[in-house]
Amino acid sequence: MKRIILTICAITLAMAVFAQFKPGYEPEDESARVAYGPMISPDVPSKLIFAGSTIDLDRNDLWERLDREMTSILYGHTNTLLTFKRANRYFPTMARILKEQNVPADFLYLACTESNLAPRAYSPAHAAGFWQLLAATGRQYGLEVGDEVDERYDPEKSTVAACKYLKAAYAKYGDWATVAASYNAGMGRISSELSKQQQKRSIDLYLTEETSRYVFRILAFKIIMEDPKKFGIRLKRNQLYKPLEFKVVEVSGSVADWVEWAKRYNLSYAQLRDANPWIRAQKLTNKQGKTYRVRIPSEESLSRTKGSVDVYYKNWIQD
């Protein structure tokens, strides 16, 4: 009898598990419904505007490339949600710099593609920061890159450096989508392929898998981040990361120990480094006597409960 009861229980359990994967299965519990689906393919537009130019997606290959990236972003839940949350903190400053540099705001989504806006992002190719700049490229566009200071991690200075590259590429190509492709592959590679394949824009080129996907991933981020509710992304105001407020302290000499320096401003070394990711060592030698601007976050910025969370783009939240 005991064996019969165990057999019946096993069959019942198997049927319950199997039922979850049958077509049309819809759990009664809402948390289960979220966990198991539904899986919905995103609606891909027939055309879109990027940096002021219309991209027609009537061609199957272009439509399918965008479909792939939209699907990838929407079902890569962890990085997608973190990108939204981080964007609320960093987009206001980055957007201001893009405007000042006369670079289209749509290039915010290039930074999302490069790093998901992770402040400490570092690639196997040794590219660093939001904009994933190589050391040589960073130095070329005015950044200090060294063991104690690496301004590729400075959100403001790295954005200015990236804008310098983007403007140089636009002067060469006159097409912002081609500029975006060159950010991934390099101007030399894109210019060579445009010549060999007798095309005028990168979107029509046969390129490596990474570069071929790259521009469409930027476009996918733009579509999804401009209307997240359409794609089932729901965020509340208090789930977004707060934009930080700072006072700036100028340092023109050496710093023997950033740990002790931070204590003067009631900060831990960790808080100092988070606010100033360009600091890469516990000391600053500064033999050249340069002036560094060190950000000291306000007490309100360091608290979840003090002050409200300003929302960069109202479509991001549901409350």
Side-chain angles (χ1 to χ4, degrees), residues 38-84 87 103-118 121 123-125 127 130-132 162 165-166 169-170 172-233 315:
M39 295 184 68
I40 300 173
S41 183
D43 289 327
V44 179
S46 59
K47 61 182 177 181
L48 76 157
I49 296 174
F50 176 74
S53 296
T54 300
I55 298 177
D56 193 323
L57 298 166
D58 184 60
R59 274 172 39 190
N60 272 331
D61 60 328
L62 302 184
W63 189 93
E64 289 173 10
R65 285 155 73 183
L66 183 56
D67 177 64
R68 175 180 181 175
E69 301 313 318
M70 290 181 66
T71 302
S72 174
I73 291 170
L74 286 170
Y75 288 96
H77 297 133
T78 302
N79 281 330
T80 301
L81 287 175
L82 286 174
T83 301
F84 272 98
V103 172
D106 282 347
F107 279 89
L108 290 169
Y109 306 113
L110 184 148
C112 296
T113 299
E114 285 287 345
S115 63
N116 293 115
L117 301 181
S123 78
F130 287 160
W131 298 93
Q132 289 292 277
Y165 175 95
L166 296 169
Y170 186 73
K172 188 178 187 70
Y173 301 117
D175 175 69
W176 285 114
T178 302
V179 169
S182 78
Y183 196 91
N184 177 263
M187 283 188 255
R189 173 64 60 82
I190 294 300
S191 295
S192 174
E193 294 299 334
L194 286 170
S195 176
K196 288 191 295 186
Q197 298 182 38
Q198 301 179 29
Q199 296 294 334
K200 295 182 179 180
R201 58 180 194 164
S202 65
I203 206 168
D204 297 315
L205 293 175
Y206 179 83
L207 297 166
T208 64
E209 179 79 356
E210 178 185 340
T211 306
S212 180
R213 295 183 63 180
Y214 185 77
V215 174
F216 286 88
R217 193 161 185 84
I218 295 170
L219 299 178
F221 263 117
K222 171 184 167 67
I223 293 167
I224 293 167
M225 294 188 76
E226 288 185 350
D227 195 2
K229 295 176 185 177
K230 178 180 178 181
F231 302 101
I233 298 173
N315 281 0

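- Exactly one residue among L166, L110, V103 makes a side chain to side chain contact (heavy atoms under 4.5 Å, CB included) with V179. That residue is L166.
- For residues 181-193, every residue pair satisfying the salt bridge (charged side-chain N to carboxylate O under 4.0 Å, His left out) rule, not counting sequence neighbours, is listed here: E193-K196.
- Partners of F84 by ring pair (Phe, Tyr, Trp, His ring centres under 6.0 Å), not counting sequence neighbours, listed by chain and number: W316.
- The only option from L117, I73, T80, I224 that meets the side chain to side chain contact (heavy atoms under 4.5 Å, CB included) definition with C112 turns out to be L117.
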Go through the steps for N184 and E210 under the test side-chain contact (heavy atoms from CB on, under 4.5 Å), then give the verdict.
CA-CA 8 Å; N184 177 263; E210 178 185 340; 2.9 Å; yes
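- Of all non-hydrogen atoms in A181 and T211, the two that sit nearest each other are O-CG2, 4.0 Å.
- Judged as a salt bridge (charged side-chain N to carboxylate O under 4.0 Å, His left out), and not counting sequence neighbours, the contacts of R201 are D204.
- Using a 4.5 Å cut-off on side-chain heavy atoms (C-beta onward), F216 and L57 make contact.
- Qualifying salt bridge (charged side-chain N to carboxylate O under 4.0 Å, His left out) partners for D61, counting only residues two or more places apart in sequence or in other chains: R59.
- Between I203 atom CD1 and L219 atom CG the span is 6.5 Å, to the nearest 0.5 Å.
- Minimum interatomic distance between A127 and Q132 (heavy atoms only, all atoms of both residues): CB-O, 3.2 Å.
- A donor-acceptor pair under 3.5 Å is formed between the side chain of T71 and the backbone N or O of D67.
- Other residues, nucleotides and ligands contribute over 12 non-hydrogen atoms within 6.0 Å of the NZ atom of K229.
- Here the CG-CG distance, from L62 to D56, works out to 8.0 Å after rounding to the nearest 0.5 Å.
- A side chain to side chain contact (heavy atoms under 4.5 Å, CB included) with F221 is found for one member of D106, L108, N116 and no other, namely N116.
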Checking side-chain contact (heavy atoms from CB on, under 4.5 Å) for the pair F107/I218: CA distance, chi angles, key distance, verdict?
CA-CA 8 Å; F107 279 89; I218 295 170; 5.9 Å; no
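- Using a 4.5 Å heavy-atom cutoff, the side chains of T113 and V215 are not in contact.
- The shortest heavy-atom contact between T178 and S202 is OG1-N, 3.0 Å.
- Under the rule for a salt bridge (charged side-chain N to carboxylate O under 4.0 Å, His left out), the partners of E69 that lie at least two apart in sequence or sit in another chain are R213, R217.
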Apply side-chain contact (heavy atoms from CB on, under 4.5 Å) to the pair L66 and I223, showing each step before the final yes or no.
CA-CA 10 Å; L66 183 56; I223 293 167; 3.7 Å; yes
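- Take F130 and apply the ring pair (Phe, Tyr, Trp, His ring centres under 6.0 Å) test, not counting sequence neighbours, and it matches Y90.
- By the ring pair (Phe, Tyr, Trp, His ring centres under 6.0 Å) test, Y170 is found to be paired with W176, residues two or more places apart in sequence or in another chain being considered.
- Residues satisfying the ring pair (Phe, Tyr, Trp, His ring centres under 6.0 Å) test with Y173, not counting sequence neighbours, are none.
- Within the structure, every pair that satisfies the ring-ring contact (aromatic ring centres under 6.0 Å, His included) test and touches residues 51-80, not counting sequence neighbours, is listed here: Y75-H77.
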Which pairs of donor and acceptor atoms, one on a side chain in residues 38-54, lie under 3.5 Å apart (sequence neighbours left out)?
none

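- Considering Y165, Y109, Y214 as possible partners of Y183, the one that fulfils the ring-ring contact (aromatic ring centres under 6.0 Å, His included) test is Y165.
- Remark: E209 pairs with R68 by the salt bridge (charged side-chain N to carboxylate O under 4.0 Å, His left out) rule, at least two apart or across chains.
- For the atom pair L205 CG and Q199 CD, the distance stands at 6.5 Å (nearest 0.5 Å).
- In this structure a side-chain-to-backbone donor-acceptor pair under 3.5 Å is missing from S195 to S191.
- Listed by chain and residue number, R86, A121 satisfy the side chain to side chain contact (heavy atoms under 4.5 Å, CB included) test with A118 (two or more places apart in sequence, or in another chain).
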